[in-house]
Amino acid sequence: MSNINDTYFDGLYKQIWKTIIPAELTVKETDFMLQYFNLQPGNRLLDLMCGYGRHSLALAKKGIEVTAVDNLPDYINELKINAESEKLPVKTVLKDVIEFQPEGRYDLAICMGNSLQFFNKDELMKLLTTTSFHLKTGGHFLINTWSIMEIAVKQFREKSWTEVDDLKFLIDSKFLFSPSRIETEHQIIAPDGTTEIKESVDYIWSLNEMETILGQAGMKMKEVFSIPGRKKFTLGEPRAYIVAEKA
């Protein structure tokens with residue numbers, strides 16, 4: 001099997017990601033954070049699994065002091081360049097978020113774009129406990145997911161495909177249990193027939209399980225939205241926004 005250039009692949013995958021999460025959704029999400037959590041210039045925010053920094057940059061433009069953490073160099077490098085070019089208060093950290101030890105206390109921590117589902121229970125507990133410890137009393141943690149059990153069962157498809165810039169993405173998924181998870185194989189086929197296979201795992205937690213895990217980490221689940229700040233989550237909706245508060 002031949003490999004497609006990783007840089008080329010990552011660039012295309014980011015294009016797909018930006019299609020899944022359009023710019024207007026980022027605007028709505030950041031507006032929600034500013035209003036719901038009453039963020040003010042000088043407040044401190046921790047952006048876990050920040051990706052290319054869609055929230056970090058938008059919030060830093062409002063004077064929020066952001067620490068942005070991700071384990072992918074391309075994402076962190078892009079974010080750092082963009083933040084420095086606009087002289088924004090963003091500290092970028094290239095590190096596995098499970099091993100990352102923040103400094104000081106934060107008003108808000110966020111983990112968006114379904115990223116929290118990458119971690120098994122032990123990893124999740126470690127991440128949440130560390131995050132809770134570094135939140136101010138009364139500080140909040142915002143989680144965006146589309147892989148909780150209340151969504152995944154209805155939305156799950158074993159096979160699907162898409163096409164971007166002449167590359168075909170064939171997606172083959174399995175819903176497995178103990179622990180509940182979706183294991184996915186992404187096969188990417190180039191026009192010349194070369195292929196690349198990427199594998200991923202999304203761990204599936206019910207809202208009840210999430211509430212228990214958050215509680216064990218020192219946080220209380222307050223609300224769950226399907227549209228940030230506007231509509232409470234109901235069964236089967238495509239996205240959930242979980243708001244937790246440090247006890």
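What you see is a predicted model, and the numbers here were worked out from it, not measured in a lab.
Think of Phe133 as one node in a network of Ile, Leu, Val, Met, Phe, Trp and Tyr side chains linked at under 4.5 Å; it has no links at all. Applying the under-4.5 Å side-chain rule to Ile, Leu, Val, Met, Phe, Trp and Tyr, the cluster around Val153 extends to Met149, Phe156, Phe175, Phe177, Ile182, Ile204.
Counting all heavy atoms, side chain and backbone alike, Leu79 lies closest to Cys50 at CD2-SG, 3.9 Å. Shown here for Leu46 and Pro102, the closest heavy-atom pair between the two residues is CD2-CG, 4.1 Å. Ser173 and Arg157 make their closest contact through CB-O, 3.7 Å (heavy atoms, listed as atom of the first residue, atom of the second, distance).
With salt bridges taken as basic N to acidic carboxylate O contacts below 4.0 Å, one links Glu99 and Lys126. One finds no salt bridge joining Lys154 and Glu237 here, because no Lys/Arg side-chain nitrogen approaches an Asp/Glu carboxylate oxygen to under 4.0 Å.
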Kindly indicate, with the supporting measurements, whether the criterion salt bridge (Lys or Arg N to Asp or Glu O under 4.0 Å) is fulfilled by Lys121 and Glu123. CA-CA 5 Å; Lys121 188 172 183 179; Glu123 293 169 334; over 6 Å; no
Step-by-step side chain to side chain contact (heavy atoms under 4.5 Å, CB included) determination, Leu45 to Asp107: CA-CA 6 Å; Leu45 179 135; Asp107 299 280; over 6 Å; no
For Tyr36 and Glu223, run side chain to side chain donor-acceptor pair (under 3.5 Å): C-alpha distance rounded to whole Å, both residues' side-chain angles, the deciding distance at 0.1 Å, then the answer. CA-CA 11 Å; Tyr36 185 92; Glu223 296 187 276; 2.4 Å; yes
Stepwise, does the side chain to side chain donor-acceptor pair (under 3.5 Å) test hold for Thr212 with Glu209? CA-CA 5 Å; Thr212 298; Glu209 288 174 316; over 6 Å; no
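In the model, His186 has a side-chain atom that pairs as donor or acceptor with a side-chain atom of Ser200 under 3.5 Å. Under the 3.5 Å distance criterion, with hydrogens and angles disregarded, a donor-acceptor pair is assigned to the side chains of Glu29 and Tyr241. Side chains of Gln40 and Asn38: a donor on one and an acceptor on the other come within 3.5 Å. A side-chain donor from one of Thr194 and Asp192 sits under 3.5 Å from a side-chain acceptor of the other.
Atom CD1 of Ile110 and atom CG of Leu48 lie 8.0 Å apart (nearest 0.5 Å). Here the straight-line distance linking atom OG1 of Thr30 with atom CE of Met112 works out to 9.0 Å at 0.5 Å rounding. If you take OG on Ser226 and NZ on Lys232, they are separated by 10.5 Å, rounding to the nearest 0.5 Å.
Placement of Met125 and Ile148 within a single hydrophobic cluster is found when ILVMFWY residues are connected by side-chain heavy-atom separations under 4.5 Å, directly or transitively. Phe100 and Ile76 fall into different hydrophobic clusters, where Ile, Leu, Val, Met, Phe, Trp and Tyr residues are linked whenever their side-chain heavy atoms come under 4.5 Å apart, directly or through other members. Cluster annotation: Ile171 and Ile151 are assigned to distinct hydrophobic clusters (Ile/Leu/Val/Met/Phe/Trp/Tyr, side-chain heavy-atom contacts under 4.5 Å, transitive).
Residues Phe225 and Phe32 bring their aromatic ring centres within 6.0 Å.
Taking the ring centre of Tyr203 as origin, the terminal cationic atom of Arg181 falls outside the region bounded by 6.0 Å and 45° from the ring axis.
Counting only heavy atoms from C-beta outward, the side chains of Val66 and Lys91 never approach each other to under 4.5 Å. Side-chain atoms of Glu199 and Glu183, non-hydrogen and from C-beta on, never get closer than 4.5 Å to each other. In this structure the side chain of Arg239 never reaches within 4.5 angstrom of the side chain of Thr145, judged on heavy atoms. At a threshold of 4.5 Å between non-hydrogen side-chain atoms, the residues Leu142 and Phe37 count as touching. Side-chain atoms of Asn114 and Asp202, non-hydrogen and from C-beta on, do get closer than 4.5 Å to each other. With contacts defined as side-chain heavy-atom distances shorter than 4.5 Å, the pair Leu39/Lys62 does not qualify.
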